[in-house]
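What follows is a single structure, written as structure tokens, with notes after it.
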Number of protein chains: 2
Amino acid sequence: MSAAEETPGGEDMPWGEVTPEAARRLLVAAVEAFAERGYHATTTRDIAGRAGMSPAALYIHYKTKEELLHRISRIGHDKALEILRAAADGEGTAAERLADAVRSFVRWHAERHTTARVVQYELDALGPEHRAEIVELRRESEAVIRRIINEGVAAGEFAVSDVPGTTVAVLSLCIDVSRWFNTQGRRTADEVGALYADLVLRMAGAQK
Amino acid sequence: MSAAEETPGGEDMPWGEVTPEAARRLLVAAVEAFAERGYHATTTRDIAGRAGMSPAALYIHYKTKEELLHRISRIGHDKALEILRAAADGEGTAAERLADAVRSFVRWHAERHTTARVVQYELDALGPEHRAEIVELRRESEAVIRRIINEGVAAGEFAVSDVPGTTVAVLSLCIDVSRWFNTQGRRTADEVGALYADLVLRMAGAQK
DNA sequence: AACGAGGGTGAGCAAGCGCTTAGATCTTCT
DNA sequence: AGAAGATCTAAGCGCTTGCTCACCCTCGTT
């Protein structure tokens, strides 16, 4: 194990798990480019250029441009699911856990909206088998939220007539944050997270 | 005025305002292609092929591929804004008008989700001046919703602490329907519209 | 019958695309 | 010291892209 595989500044930095440093630089460059222009409008020359490398260097670390997108999408979805599960498996009432899940999920989509935009909106650019893998992760995310809502209804905390429909709406609301949020806007990620947690509790009919 | 400018089957058919029939066929083909694959992944050959024409025919009716996207985006935004205004300027309490606006806005995004997907998610593919024109239309849509919510708060019908934030959330929720809705899903456009109208009233803190 | 105008086509141009290859350079291990 | 392997580059291949151009039809008008 070489020293290059360790992350010097901490172990949960954004793309710390991408191990050769050049591969990480390329991946970060790709995230920026995909978020700005979209996958299809981004050229491999642009990605390599942003990473300060020649176009050919990309193909030492990634087989294709699509593999680069897949890596980004996979890591991003893993992180998003981890965030949801942490909140869902925590302590407290269903209302507290739902608010927690929405707050942290929204905060991630706002703070890391560049990544989230790629992760959430470039799904169709993936090849069929990679796409299927990611779709499965999304189904799991949906299941996490649905479970909390179901538990809240069972406990009499929530008044929801259509649980699957409300689940879709909650996730949809959170995900779309990455589309409109921008860092120099008038709202911080924390503020949006707090507002959305409140709105979602209202949607679930939670009593104050 | 030639007979070709009249719409034989009715006057508010989907793309009735696009006047030479060949231009309309090309535009409809472009909407389908853009919605399926995205603007940048769609080739002019593909559009022309779907319309049953040669690649060169496209350039008789449209200067560039981007102009085609602009026409689609412009007409779509005009329609969306018209729908919102019709509900906002209607009769009834603020709650009734908000529910009406959300119901019809969501129904449009669900029924015409192919168009809506292009209209809502391909904005960045437009050139700077066309983009600015469309962004202005969106600001007007936002103003319509914000006005209803403000009126509801003033009338004591709603309990909303952050009006601009809630406005963004409501619009965001509606727009995102076009991303996940599909026609052979288990929900009809009407059902989603009704569910979302209810959810939005809850977000606004409207009393039953 | 001749005409001009506009919608349509087949062929193709210049540019840019994803990706490959041959070789230079640097690092690591014996 | 020297071989082996990993990393990166310059050059460029084959292909596709958005778009153009010379030409052909099909018209309503004269």
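So you know, we letter chains A, B, ... as the sequences are listed, proteins then strands, and number each from 1.
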Exercise for review: Indicate yes or no: does Asp89(B) engage Arg147(B) in a salt bridge with an N to O separation below 4.0 Å.
Suggested key: yes

Exercise for review: Kindly state which residues belonging to residues 26-44 of chain B come within less than 4.0 angstrom of DNA chain C, counting heavy atoms of the residue only, listed by number.
Suggested key: none

Practice item. Could you tell me whether Glu140(A) and Arg85(A) have a side-chain N and a carboxylate O separated by less than 4.0 Å? Key: yes

Review point. Angle class for the Tyr121(B)/Tyr121(A) ring planes (parallel below 30°, perpendicular above 60°, tilted otherwise)?
Key: tilted

Review point. Should the pair Arg37(A)-Asp46(A) be classified as a salt bridge under the 4.0 Å nitrogen-to-oxygen rule?
Key: yes

Practice item. Could you tell me which residues satisfy side chain to side chain donor-acceptor pair (under 3.5 Å) with Glu129(B), sequence neighbours excluded, listed by chain and number? Key: none

**Study point:** Any N/O donor-acceptor pair, Arg45(A) side-chain to dG16(C) base, under 3.5 Å
**Key:** no

Are any protein N/O atoms closer than 3.5 Å to N/O atoms in nucleotides 6-10 of chain D? If there are, list each pair with its distance.
{"from": "dC8(D)", "atom 1": "OP2", "to": "His61(A)", "atom 2": "NE2", "distance (Å)": "2.8"}
{"from": "dT9(D)", "atom 1": "OP2", "to": "Ser54(A)", "atom 2": "N", "distance (Å)": "2.7"}
{"from": "dT9(D)", "atom 1": "OP2", "to": "Ser54(A)", "atom 2": "OG", "distance (Å)": "3.0"}

Practice item. Tell me, please, which residues at least two apart from Asn150(B) pass side chain to side chain donor-acceptor pair (under 3.5 Å). Key: none

Point to revise | Contacts of Glu136(B) that satisfy side chain to side chain donor-acceptor pair (under 3.5 Å) - sequence neighbours left out | key: Arg139(B)

Review point. Is any side-chain N of the basic residue among Asp100(B) and Arg97(B) closer than 4.0 Å to the acidic one's carboxylate O?
Key: no

Check your understanding: Angle, rounded to 10°, between the helical axes spanning five pairs at each terminus of the helix from dA1(C)-dT30(D) to dT30(C)-dA1(D)?
Key -> 0°

